[in-house]
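Heads up, the thing below is written out as structure tokens.
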Amino acid sequence: MDVRDFIKPSARVCFYAQKLEKIDSQHPVQPSPTSVGAALKHFYVHGDTSCYNLLCRFGKEYVTRYTLEDFHGSTGTLLSSESQAASRYTKMRLSALGDKLFDGIEKDCIDKWYDNFSDTEKYPAVLPSLGFYNIVNGTTGIATGVASSIPQFNLKEVNNAMIKLLWNRDINFDEIYCEPDFVSGGIIINSDEVKDSLRCGAGKPCEIRSKITYDDQDNSLIVTEIPYGIYTDSICHQISKLVEQKIITGIDHVNDLTGAAPNIKIYLVKEVCPQTVIKQLFEHTSLQYRYPINMTMLENGTVPKLFGWREALLCHLDHEIVTRRRIHQFDINKIEQRLHIVDGILAAIDNIDEVVSLIRESSNKEEAANKLIKRFNLSTEQAEAILKMTLSRLIHLEVQSFKTEKEKLLTEAKYHKKVLTDDNLLCLEIENDLREVAEQFGDERRTICINLAAEEELAEE
């Protein structure tokens with residue numbers, strides 16, 4: 001997991017293969033085997049099943065906080081893991097947010113590329129990720145030998161925090177701190193401990209409780225939000241087993257109605273206290289669960305390091321600054337190349353009769369180019385650009401259109417050069433992009449964060 005784009009290597013190559021094959025939000029959705037085949041054809045080495053599961057995960061709205069895959073078909077439910085439909089029944093492509101990961105990649109903004117398994121193609125060591133930091137999707141598990149466990153966050157909150165940090169790197173931690181915000185909702189009951197853990201990158205885990213309400217008409221408990229990473233079938237199995245063992249009392253039976261969202265109905269026996277049963281459930285089942293915090297990531301894609309919240313955000317911002325500088329320099333180079341050609345064409349237009357005469361008198365293209373270069377002090381590129389035009393078009397070229405193009409190019413070059421010399425302009429560009437992404441793809445917070453111990457003390461007073 002590279003701290004700069006927060007994408008694992010396997011996901012990075014799969015996404016890039018989709019981009020190469022135009023399986024993205026700008027093109028029609030394709031059958032899922034097309035994406036899998038593209039990944040295996042270009043870069044991926046772990047087989048079709050794991051590739052499909054990887055891409056499918058990024059399209060699961062109940063697993064991924066902000067989906068990077070536009071998935072068509074059954075992605076499964078929170079009843080159980082890996083419950084999505086087989087690839088032959090589904091379609092997928094990069095989502096609009098997934099496309100954001102690649103903005104500017106065609107402009108030489110990534111300096112390091114790796115060879116694929118056959119040394120026939122290269123893939124980027126890191127993605128541009130302009131305006132979007134995938135840390136919002138969190139991660140858990142092992143990648144490239146590094147174990148990490150990072151919770152999910154709210155996109156609007158993270159982008160707003162990065163804007164503040166962009167303008168003031170020494171800003172108070174409280175101003176940029178974002179509490180975890182899991183796609184599954186739930187209630188974090190140790191908010192202060194989690195804050196301390198994220199401050200330094202490791203420490204106490206998130207203690208997450210399910211959202212449970214009591215329905216007096218059915219004398220039942222209704223579970224509508226559960227801890228992230230937990231599936232309802234395992235919860236129901238735990239409850240049934242614990243009731244059978246009489247470790248939990250007061251429950252008559254359980255009905256799992258989970259579909260797009262969790263929906264467990266726990267029917268109680270008569271005259272039992274609902275709060276007593278809820279307390280037992282939190283104590284003995286996964287209706288209360290811990291999500292560890294271990295923000296170990298790869299610095300510059302190579303060296304494992306434990307990052308605190310501030311340091312992680314700064315690494316992404318620094319990556320954006322470097323990436324955007326390279327994009328502006330690329331644009332300057334392209335503009336200067338075009339200006340050079342336009343100047344050559346303008347010189348030809350000013351001497352159009354002589355140019356036409358030289359070309360007609362030449363026995364081949366090479367002779368014509370040499371004459372143009374020598375007579376009008378042109379470069380090889382300028383001479384070739386002139387010779388690519390037909391004589392009829394060359395004769396009828398309008399000087400004003402090229403003068404207008406030149407003025408436009410000079411204005412654009414001036415802006416790009418100014419951004420490279422004015423940090424405020426560059427930061428403003430980053431801020432505008434962060435705000436645009438937050439506005440387009442952000443949503444409201446789902447997870448409630450409290451300090452339960454503090455609330456219980458206040459209740460006792």
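All values reported here derive from a predicted model rather than from experimental measurement.
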Exercise. Can a salt bridge be assigned to the pair K19 and D99 using a cut-off of 4.0 Å between side-chain N and carboxylate O?
Worked result: yes

Exercise. Is any NZ, NE, NH1 or NH2 atom of the basic residue among R446 and E225 found under 4.0 Å from an Asp or Glu carboxylate oxygen of the other?
Worked result: no

For this session: Step through the shown structure and confirm whether more than 12 heavy atoms of other residues, nucleotides or ligands are within 6.0 Å of CZ on R310.
Result: yes

Problem set entry | With sequence neighbours excluded, residues passing salt bridge (charged side-chain N to carboxylate O under 4.0 Å, His left out) with R65 | D181, D443

Problem set entry | R325 bridged to D423 by N-O distance under 4.0 Å | yes

Problem set entry | Side-chain touch L94/S25, heavy atoms, less than 4.5 angstrom | no

Exercise. Does the side chain of D103 come within less than 4.5 Å of P128's, by heavy atoms?
Worked result: no

For this session: State, yes or no, whether a side-chain contact exists between D433 and K100 at a heavy-atom distance under 4.5 Å.
Result: yes

Exercise. Is the OH atom of Y231 crowded by more than 12 outside heavy atoms at less than 6.0 Å?
Worked result: yes

Exercise. Between N134 and S129, is any pair of side-chain heavy atoms under 4.5 Å apart?
Worked result: no

Problem set entry | Nearest atoms (heavy-atom pairs only) where T139 meets Y291 | O-OH, 2.9 Å

Problem set entry | Residues K388, E384: salt bridge by 4.0 Å N-O rule | no

For this session: Hey, can you tell me if H416 and H328 have their rings parallel, tilted or perpendicular (30° and 60° cut-offs)?
Result: tilted

For this session: Could you tell me if the ring centre of F132 sits under 6.0 Å from that of F441?
Result: no

Exercise. Looking at side-chain heavy atoms only, is the closest gap between T49 and N53 below 4.5 Å?
Worked result: yes

For this session: Mind running salt bridge (charged side-chain N to carboxylate O under 4.0 Å, His left out) on K41 and E21 for me, showing each step along the way?
Result: CA-CA 11 Å; K41 169 187 173 184; E21 297 288 343; 3.4 Å; yes

Exercise. Can you name the closest pair of heavy atoms from E431 and L166 and give their distance?
Worked result: N-CD2, 4.0 Å

For this session: First locate atom CD1 of I189, then atom CG of N451, and finally report the distance between them rounded to the nearest 0.5 Å.
Result: 9.5 Å

Seminar exercise, completed: Shortest non-hydrogen pair, T447 vs F182, comes out as OG1-N, 2.8 Å

Exercise. Which class fits the ring pair F102 and Y16: parallel under 30°, tilted 30 to 60°, perpendicular over 60°?
Worked result: parallel

Problem set entry | For the student: nearest non-hydrogen atoms of V63 and Q152, plus distance | O-NE2, 3.0 Å

For this session: May I have the step-by-step check of side-chain hydrogen bond (donor to acceptor under 3.5 Å, both in side chains) for E179 and S191, ending in yes or no?
Result: CA-CA 8 Å; E179 295 178 312; S191 180; 2.9 Å; yes

For this session: Before accepting this row, confirm whether a basic side-chain N of the pair D115/K122 lies closer than 4.0 Å to the acidic partner's carboxylate O.
Result: yes

Seminar exercise, completed: In terms of heavy-atom contacts, I208 and P227 come closest through O-CG, 3.6 Å

Exercise. How many angstroms lie between atom CG of N190 and atom CD1 of I450, to the nearest 0.5 angstrom?
Worked result: 9.5 Å

Exercise. Is D174 salt-bridged to K195, going by a charged N under 4.0 Å from an acidic O?
Worked result: yes

For this session: Report yes if the side chains of N263 and I222 come closer than 4.5 Å at any heavy-atom pair, otherwise no.
Result: yes

Problem set entry | K156 with E444: basic N within carboxylate O range, under 4.0 Å | yes

Exercise. Is the shortest heavy-atom distance from the side chain of M297 to the side chain of F6 under 4.5 Å?
Worked result: yes

Problem set entry | Salt-bridge present (K334, D331; N to O < 4.0 Å) | no

For this session: For side-chain hydrogen bond (donor to acceptor under 3.5 Å, both in side chains), just list the numbers for D256 and T258, CA-CA rounded to whole Å, side-chain angles, deciding distance to a tenth of an Å, and then say yes or no.
Result: CA-CA 6 Å; D256 192 352; T258 296; 2.6 Å; yes

Exercise. Shortest non-hydrogen contact from Y133 to A312?
Worked result: OH-O, 3.4 Å

For this session: Evaluate the side-chain proximity of I150 to W309: yes if any heavy-atom separation is below 4.5 Å, no if none is.
Result: no

For this session: May I have the step-by-step check of side-chain hydrogen bond (donor to acceptor under 3.5 Å, both in side chains) for S32 and T90, ending in yes or no?
Result: CA-CA 6 Å; S32 294; T90 64; 2.7 Å; yes

